[in-house]
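Report on the structure given below.
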Amino acid sequence: MSVLNLKDITKKYGELAAVDGISLDIERGKVLSLLGPSGCGKTTTLRIIAGFISPDAGTVEIGGKNVGHLKPYERNVGLLFQDYALFPHMTVAENVAYGMRYRGTQTSEIPTRVSQMLALVQLTGMEARRPHQLSGGQQQRVALARALAIDPQIVLLDEPLSALDAKLRLELRLELKEILRAVGATTIVVTHDQEEALTLGDEVVVMNAGKIAQRGTPTEIYEAPANKFVAEFVGRSNWLHGSKRGQSSDGVISYVTDEGLEIRTRAGRPCGEQGVDICVRPENIELVNGGEPEPAQGPEQNVLAGVVLDVAPLGADVHVVVELPGKNRLLAIRKNVGRSSVVVPGQSVRALFSASDVLIF
Ligand SMILES: Nc1ncnc2c1ncn2[C@@H]1O[C@H](COP(=O)(O)OP(=O)(O)OP(=O)(O)O)[C@@H](O)[C@H]1O
Ligand SMILES: [Mg+2]
């Protein structure tokens, strides 16, 4: 049975539908990432679940019960809000205990529970400190402890790592994942960072302009994006534009780009006819020296000739920009395996990619 069930939730501010007919359910113990650009309605959705905002339409069920009439503190929801820092005048222990007091937990039980929560987020011994005596990462862990302390039916985390610098963010991301798994918390974690969403979530919900653009496992979202928005928003992508030319008996469909380049894709996926957008992920593109003999080209293989425009070695990866005839540019991401494999600007290359790696929208 699902712990949370949203049905057709809509919330308008004047003409703007901040949340536009969202339906969503989560099973017990699952972590759902809510991913989308700024302003797409993520925070509004969480605030509706928590009871701070009443939807114009739709219902919120928690544990099978409609909670529409319940105040925030009457809902068994653990919160970590984007703009909702710790209480500066309270100690760490008082911050963690706050939600419990509010919900009428037996006073005698509170210290034990606070100790458990601080052990969980590895802050044992810091009970008496105040927020300003903690690092940003430690403050976020206190906020997480506070959200989990009330043993909530559902945990809502709104950009839990956004205030942290890149390195700390990465460390705390893994820690957060372990903690959520360890307590088996049913969780919605909101982020506009795709890597964070794909790492943390058992499933990812991609939102766009108040609507759900796609829900799926991280792999599904990345490898089989349902539409152009998801393909563009999650991961890097190259785009060409063209129309269908024909289909061969071996299940390969040919397109011709506006510049006259031939692109092959596998039949059997949804794909249009005229004026389609053609997408290739940069890591699926192989580069070979253009001076070498043309590789044997099977029906599954795409080959585009071009000239290297830019080479950027970025640690483990090398980002190579190739200019194709007609001024289109293609980004290829290759593993950085040493000097010998590196191409140089001005070099003629062939970009190779499989028909099965081509997405049509
Ligand atoms: N109280 C309000 N009054 C008017 N408009 C609002 C109000 N709250 C939110 N909005 C608008 O609703 C839309 C959704 O806002 P929301 O805060 O849910 O976005 P978000 O996805 O959380 O974005 P971010 O990633 O920037 O936090 C935005 O266009 C925002 O300007
Ligand atoms: Mg927000």
Side-chain angles (χ1 to χ4, degrees), residues 4-26 31-60 62 67-68 71-72 75 77-86 136 139-140 143-144 146-147 152 154-166 168-170 172-173 176 180 187-201 203-216 218 221 225-236:
L4 175 76
N5 212 322
L6 302 185
K7 289 195 192 110
D8 290 324
I9 296 287
T10 294
K11 177 68 191 176
K12 286 191 172 176
Y13 292 109
E15 286 297 290
L16 175 91
V19 177
D20 195 0
I22 284 206
S23 295
L24 198 65
D25 63 281
I26 310 183
V31 177
L32 197 75
S33 297
L34 198 54
L35 173 68
S38 187
C40 73
K42 305 181 295 294
T43 295
T44 307
T45 304
L46 287 203
R47 288 188 170 272
I48 289 169
I49 297 168
F52 293 105
I53 298 175
S54 302
D56 299 326
T59 54
V60 180
I62 297 176
V67 295
K71 300 253 181 298
R75 302 186 186 191
V77 171
L79 299 168
L80 189 163
F81 269 132
Q82 198 170 10
D83 50 1
Y84 200 74
L86 298 173
Q139 290 182 30
Q140 287 307 81
L144 180 64
R146 184 175 62 185
I154 181 150
V155 180
L156 306 178
L157 307 176
D158 195 353
E159 303 275 4
L161 308 175
S162 64
L164 309 174
D165 66 52
L168 188 57
R169 201 174 167 138
L170 213 62
L172 213 59
R173 186 207 286 173
L176 175 61
L180 293 176
T187 307
I188 300 182
V189 54
V190 160
T191 172
H192 59 260
D193 180 318
Q194 39 161 311
E195 240 186 70
E196 217 161 273
L198 298 176
T199 315
L200 288 172
E203 280 191 278
V204 178
V205 171
V206 183
M207 272 183 83
N208 180 26
K211 293 192 164 73
I212 293 177
Q214 186 174 5
R215 174 182 182 157
I221 296 282
N227 47 56
K228 192 178 177 194
F229 176 83
V230 175
E232 265 187 321
F233 193 73
V234 182
R236 288 167 184 269

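Counting convention: from 1, in listed order, for ligands and their atoms alike.
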Inset, instruction - In sequence, state the C-alpha distance, the side-chain angles, and the governing distance for Ser54 and Lys11, and then conclude on side-chain contact (heavy atoms from CB on, under 4.5 Å). - result: CA-CA 8 Å; Ser54 302; Lys11 177 68 191 176; 5.6 Å; no
Legend entry - Residues in contact with ligand 1, criterion: heavy atom under 4.0 Å: Tyr13, Leu16, Ala18, Pro37, Ser38, Gly39, Cys40, Gly41, Lys42, Thr43, Thr44, Gln82
Legend entry - Criterion side-chain contact (heavy atoms from CB on, under 4.5 Å) on Arg146 and Leu86, from CA distance to verdict: CA-CA 9 Å; Arg146 184 175 62 185; Leu86 298 173; 4.1 Å; yes
Inset, instruction - For residues Phe233 and Asn208, determine if any side-chain heavy atom of one lies less than 4.5 Å from a side-chain heavy atom of the other. - result: no
Legend entry - Short N/O/S contact of Thr43 with the Mg ion (ligand 2) (below 2.8 Å): yes
Inset, instruction - Taking Thr187 for its side chain and Val189 for its backbone only, find out whether a donor-acceptor pair lies under 3.5 Å. - result: no
Inset, instruction - Verify, without hydrogens or angle tests, whether Gln214 (side chain) and Ala226 (backbone) share a donor-acceptor contact under 3.5 angstrom. - result: yes
Inset, instruction - Mark yes when over 12 heavy atoms from residues, nucleotides or ligands other than Lys211 sit less than 6.0 Å from its NZ; otherwise mark no. - result: no
